[in-house]
There are 4 protein chains.
Amino acid sequence: MSNLRNSVRLMGFLGNDPEVKTIGEKKKVANISIATNDSYKNDKGEKVEETQWHNLVLWDRLAGLAENYLRKGSEISVEGKLTSRSYTDKEGVKRYVTEILVSDLQMLGKKP
Amino acid sequence: MSNLRNSVRLMGFLGNDPEVKTIGEKKKVANISIATNDSYKNDKGEKVEETQWHNLVLWDRLAGLAENYLRKGSEISVEGKLTSRSYTDKEGVKRYVTEILVSDLQMLGKKP
Amino acid sequence: MSNLRNSVRLMGFLGNDPEVKTIGEKKKVANISIATNDSYKNDKGEKVEETQWHNLVLWDRLAGLAENYLRKGSEISVEGKLTSRSYTDKEGVKRYVTEILVSDLQMLGKKP
Amino acid sequence: MSNLRNSVRLMGFLGNDPEVKTIGEKKKVANISIATNDSYKNDKGEKVEETQWHNLVLWDRLAGLAENYLRKGSEISVEGKLTSRSYTDKEGVKRYVTEILVSDLQMLGKKP
DNA sequence: TTTT
DNA sequence: TTTT
């Protein structure tokens, strides 16, 4: 609940249409991948332009909003929490995934 | 450079002493792992208490600060950028790592 | 509701004990003043150390928390919204007040 | 310098064209007023829609950007610090002003 | 004084 | 009016 202990804010563009699943009768979840076009300083003090990709997870009302209004290329601003989880893939290799559990979303740019 | 496009803020406790490396003659980098004790709602609407672990990377002045003042159990507040990179491990498996590149750090709690 | 449109985060020290009022039977409101010790660059590019004072307003659960646990000198971290309102003072002069409506609060530093 | 101690983020619309002044030979400052359309819960737990107006101050590069690209109605996202100052007006009344000293700015919405 |  |  506390935004002060774990908070992520991103502004970026969807790399693909949202993947939306319905769980049971009325739970809905959407997975979104967004790119942030960023610049930072590397270990040599050089400014590096870099695109970072982020995995977002949206539930319920926000999942419905993604399903209805967001498409590949849409620009959004989000706030959420940084979460990590692990799973074992088909080859038996343990994998780690970091995702942003979105709690607030604003659509930016051109309204289609 | 833009905090508005990619920004993470965390308050939490170090799980271990910082790992500090010196690169070349005067570059320094520190790796830190912190736990945020967090609560959120799962897909059933239940409140879940969960500890999340985050990998932080600090360069130069901030790395020196970590080396000198931070230890396992220290409480800190940080701001930074969410970054991801991939590498191939010893078994030839491609791995993804998500890290926070720290740009601001405050020490909290008891000063030792 | 949207943290993305209007969000303030402050870490600082209470200048006085909280002023707490009860409204009607069960509404409670607390007013707090905190100092942030800050540095920024002025119009000459000089770094200026400056203390800023901020007026915080807390309702209900957060007001109770302030009443019970916060005192002059306490260090806190808060998130909230920037709000302004005007009123006419005793001399008939229109006054403007800017306050932060607090939505999240963490106590920092020494626990008494 | 520390974003962690004093940080404001706003997304909103300019109420007027920026007021830009040149100070001395090469210092430039811009004053902007933006509206955030916000909702919060009042003391009765009712959701209140409210427009808040905020005074922004931009120096140098950001002032030039405002002068060249921002107009009444433009939508922007900003990060900055909350600052307050007082002055005595023509009638001899002491006035307090709260402003956001902007450190980062993104233009949103339709590009004219 | 803005905008959806 | 706070604190480091």
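In what follows, chains are A, B, ... by sequence order, proteins preceding strands, each numbered from 1.
Side-chain contact check for H54(D) and S33(D): no donor-acceptor pair (N or O, by modelled atom type) lies under 3.5 Å. Side-chain contact check for R9(D) and S7(B): at least one donor-acceptor pair (N or O, by modelled atom type) lies under 3.5 Å.
Applying the 5.5 angstrom centroid cut-off and the 30 degree plane-angle cut-off, the aromatic ring of W53(C) is not stacked upon the base of dT2(F).
Using a 4.0 Å heavy-atom cutoff across all strands shown, T36(D) reaches no nucleic acid atom at all.
As a whole-Å value, the separation of Q106(B) CD from dT4(F) C1' is 10 Å. A straight line from CZ of R71(C) to P of dT2(F) spans 17 Å, rounded to a whole angstrom. Regarding E49(C), its CD atom lies at a distance of 12 Å from the C1' atom of dT3(F), rounded to whole Å. Rounded to an integer number of Å, the gap from Y69(B) OH to dT4(F) C1' is 12 Å. Taking atom NE2 of residue H54(D) and atom P of nucleotide dT1(E), one finds them 17 Å apart after rounding to whole Å. For the pair Q52(C) CD and dT4(F) P, the interatomic distance rounds to 19 Å; values are reported in whole Å. Atom CG in L105(A) sits about 18 Å away from atom P in dT4(E), given to the nearest Å. The interatomic distance linking I76(D) (CD1) with dT1(E) (P) rounds to 19 Å, in whole Å.
A donor N or O paired with an acceptor N or O is found under 3.5 Å between the base of dT2(E) and the side-chain atoms of T51(D). For N37(D) against dT4(E), a side-chain-to-base donor-acceptor contact under 3.5 Å is absent.
Residue S33(C) places its side chain closer to dT1(F) than to any other of dT2(E), dT3(F), dT1(F).
A search for salt bridge (charged side-chain N to carboxylate O under 4.0 Å, His left out) contacts involving E67(D) returns K28(D), not counting sequence neighbours. Remark: S74(C) pairs with no residue by the side chain to side chain donor-acceptor pair (under 3.5 Å) rule, at least two apart or across chains.
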